[in-house]
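Contents: one structure, followed by commentary.
Order of the sequence lines fixes the chain letters, A, B, ..., with proteins taken first and strands second; residue numbering starts at 1 for each chain.
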Number of protein chains: 2
Amino acid sequence: MTDDPRTARRARRHDPGRRDRLIDAALHVIAERGVAGTTHREIARVADVPLGSMTYHFSSLDEVLAEAFTRHAAAAAEVFDERLGAATDRDSAIEAVITLIRDDLIGSPNDLVMAVELYVAAARKPALRAVTQGWMQRSRDALERHFDPTTARELDALIEGLVLHSVLSTDPMTPDQIRHAVERYLR
Amino acid sequence: MTDDPRTARRARRHDPGRRDRLIDAALHVIAERGVAGTTHREIARVADVPLGSMTYHFSSLDEVLAEAFTRHAAAAAEVFDERLGAATDRDSAIEAVITLIRDDLIGSPNDLVMAVELYVAAARKPALRAVTQGWMQRSRDALERHFDPTTARELDALIEGLVLHSVLSTDPMTPDQIRHAVERYLR
DNA sequence: CATAGCTATGTACGCTCGTACACATGACCT
DNA sequence: AGGTCATGTGTACGAGCGTACATAGCTATG
């Protein structure tokens, strides 16, 4: 946007540009090294900013983590929305779910790693619990556009389990196996 | 209890079962504080042994974690075996699965925490991947005593997802909801 | 230009960590 | 009994961490 220093008579009290970049860098580090390997120094290194910048923009490391996970969860939930929003009837919703699992979830294992990292982190840090629950709620809401609440909840759990086991297993599920599992449950 | 330091210390001087007790202490610490909070010093404190004892019995902290997770996975898999071993026909196997989820999995959330901690740890430490896979394999094997391999795999995933979402959610699933989900899939 | 005040940085402190290693101890053999 | 040596312990070291904080730099104003 307006990077021109001469803009705005009113002083910009805050520079969201850098803060955003730091959150993105944090996401990158979490995915790469895990929450355990996520430190002020590592994030600063990745974002190419001085260490002091971390404490300036965030009051603690937990705050960085919370913001990073929130951003990731929002992006992930949006994928759910998009896939399912395109569906018009129940059959195409089923197809959307299968595509979602195959392409967006199993297809990018980093997202699963992020999810599991979040689950673990949330178990110890109450601030992150709300993020987890908001994420789950949003994916359930998306499913409820096409399925009744009970089905949505169970289907959501099934998807999570399928993705988790598929990614962690030595032999990932084939698209046909995914289709089989989802259809068996839904029909 | 003999709290006299000299007595206790002398008694501990030669302690063949110490390694085992350290692994149990490690399990306790992992469940309590997470892998991130599991340190040589904390394990030693819980087990009431000197710090040096850790490096004597284990060549690294990763080795402690690996042994602890292996032990936990074995115990968890045994629960699967017992529940399902008691079943004689398909219907009682379904009941066994429902009981397993309700009483052993959702009923003791610590086990779920351990599982997720293991998943995260395994993502970064190859030595732990074999533990995860062995665990999954054993629960699938147990299910295959009563269901065909495809069903066993899908059911295993469904169980994992149900437990995960139930425990992490603000409103845990009721026994009836669990029964509904499992029966809907299996019948 | 001078100045004031907000933004941003470099550095240092206190702490915890994993690990190494010199040394103490006591069980067992002869 | 006395010596040997695996078993077990206490301590110290260097690295990396989160965070605090004095101050440098810039920009809007007078």
Side-chain angles (χ1 to χ4, degrees), chain A residues 1-23 25-26 29-30 32-69 117 121 124-125 127-128, chain B residues 4-26 29-30 32-69 117 121 124-125 127-128:
Chain A
M1 297 288 268
T2 68
D3 277 338
D4 183 359
R6 290 167 308 176
T7 39
R9 310 196 43 157
R10 286 206 146 190
R12 283 187 305 175
R13 299 187 160 279
H14 195 61
D15 178 14
R18 163 160 303 184
R19 200 171 191 278
D20 274 356
R21 275 181 44 231
L22 288 177
I23 294 172
V29 174
I30 294 170
E32 195 86 10
R33 320 231 178 196
V35 168
T38 300
T39 66
H40 277 141
R41 286 170 174 82
E42 182 65 13
I43 297 169
R45 198 187 59 78
V46 167
D48 194 30
V49 300
L51 171 62
S53 198
M54 294 303 300
T55 50
Y56 177 72
H57 286 286
F58 306 94
S59 69
S60 76
L61 188 58
D62 277 2
E63 186 182 319
V64 186
L65 291 175
E67 300 237 14
F69 277 122
E117 291 275 359
R124 317 283 167 197
K125 300 176 184 181
L128 292 176
Chain B
D4 178 5
R6 287 167 310 170
T7 310
R9 182 156 298 181
R10 224 185 354 253
R12 268 191 269 117
R13 184 64 214 194
H14 183 62
D15 186 359
R18 168 167 297 187
R19 200 183 138 94
D20 273 356
R21 287 201 300 113
L22 288 177
I23 295 172
D24 283 339
V29 174
I30 294 171
E32 195 84 10
R33 320 231 180 198
V35 169
T38 301
T39 66
H40 277 142
R41 286 170 174 84
E42 181 66 12
I43 297 169
R45 198 188 60 77
V46 167
D48 191 32
V49 300
L51 171 62
S53 197
M54 294 302 300
T55 48
Y56 176 71
H57 286 286
F58 306 94
S59 69
S60 76
L61 188 59
D62 278 2
E63 186 182 319
V64 186
L65 291 176
E67 300 236 17
F69 277 123
E117 291 275 359
R124 318 283 168 197
K125 302 176 183 182
L128 292 177

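Whole-Å rounding puts the B:Tyr56 OH to D:dT11 P distance at 20 Å. Remark: C1' of C:dT25 and CZ of B:Arg18 are 13 Å apart, rounded to the nearest angstrom. Atom CZ in A:Arg45 sits about 17 Å away from atom P in C:dT9, given to the nearest Å. Spacing between atom CG of B:Asp48 and atom P of D:dT9 amounts to 10 Å, rounded to whole angstrom units. Spacing between atom CD1 of A:Ile43 and atom P of D:dT19 amounts to 11 Å, rounded to whole angstrom units. Distance, A:Phe58 CZ to C:dA8 C1': 14 Å, rounded to whole Å. Put simply, CG on A:Leu22 is 13 Å from C1' on C:dT9, counting in whole angstrom units.
For residues 49-58 of chain B, every residue pair satisfying the side chain to side chain donor-acceptor pair (under 3.5 Å) rule, not counting sequence neighbours, is listed here: B:Arg18-B:Ser53.
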Between N or O atoms, less than 3.5 Å apart, protein on one side and nucleotides 18-22 of chain C on the other: list the pairs.
{"residue": "C:dG18", "atom": "OP2", "partner": "B:His40", "partner atom": "N", "Å": "3.1"}
{"residue": "C:dG18", "atom": "N7", "partner": "B:Arg41", "partner atom": "NH1", "Å": "2.7"}
{"residue": "C:dG18", "atom": "O6", "partner": "B:Arg41", "partner atom": "NH2", "Å": "2.9"}
{"residue": "C:dT19", "atom": "OP2", "partner": "B:Leu61", "partner atom": "N", "Å": "3.1"}

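In this structure, the side chain to side chain contact (heavy atoms under 4.5 Å, CB included) partners of A:Glu63, at least two apart in sequence or on a different chain, are A:Arg19, A:Phe58, A:Ser59, A:Ser60, A:Glu67. Applying the side chain to side chain contact (heavy atoms under 4.5 Å, CB included) rule to A:Glu42 yields the partners A:Val29, A:Arg33, A:Thr39, A:Arg45, A:Val46; only residues at least two apart in sequence or on another chain are considered. Partners of A:Arg124 by side chain to side chain donor-acceptor pair (under 3.5 Å), not counting sequence neighbours, listed by chain and number: B:Glu117. Here B:Ala121 pairs with B:Phe69, B:Leu128 under the side chain to side chain contact (heavy atoms under 4.5 Å, CB included) rule; sequence neighbours left out.
The closest side-chain heavy-atom distance from A:Leu22 to A:Val64 is not below 4.5 Å.
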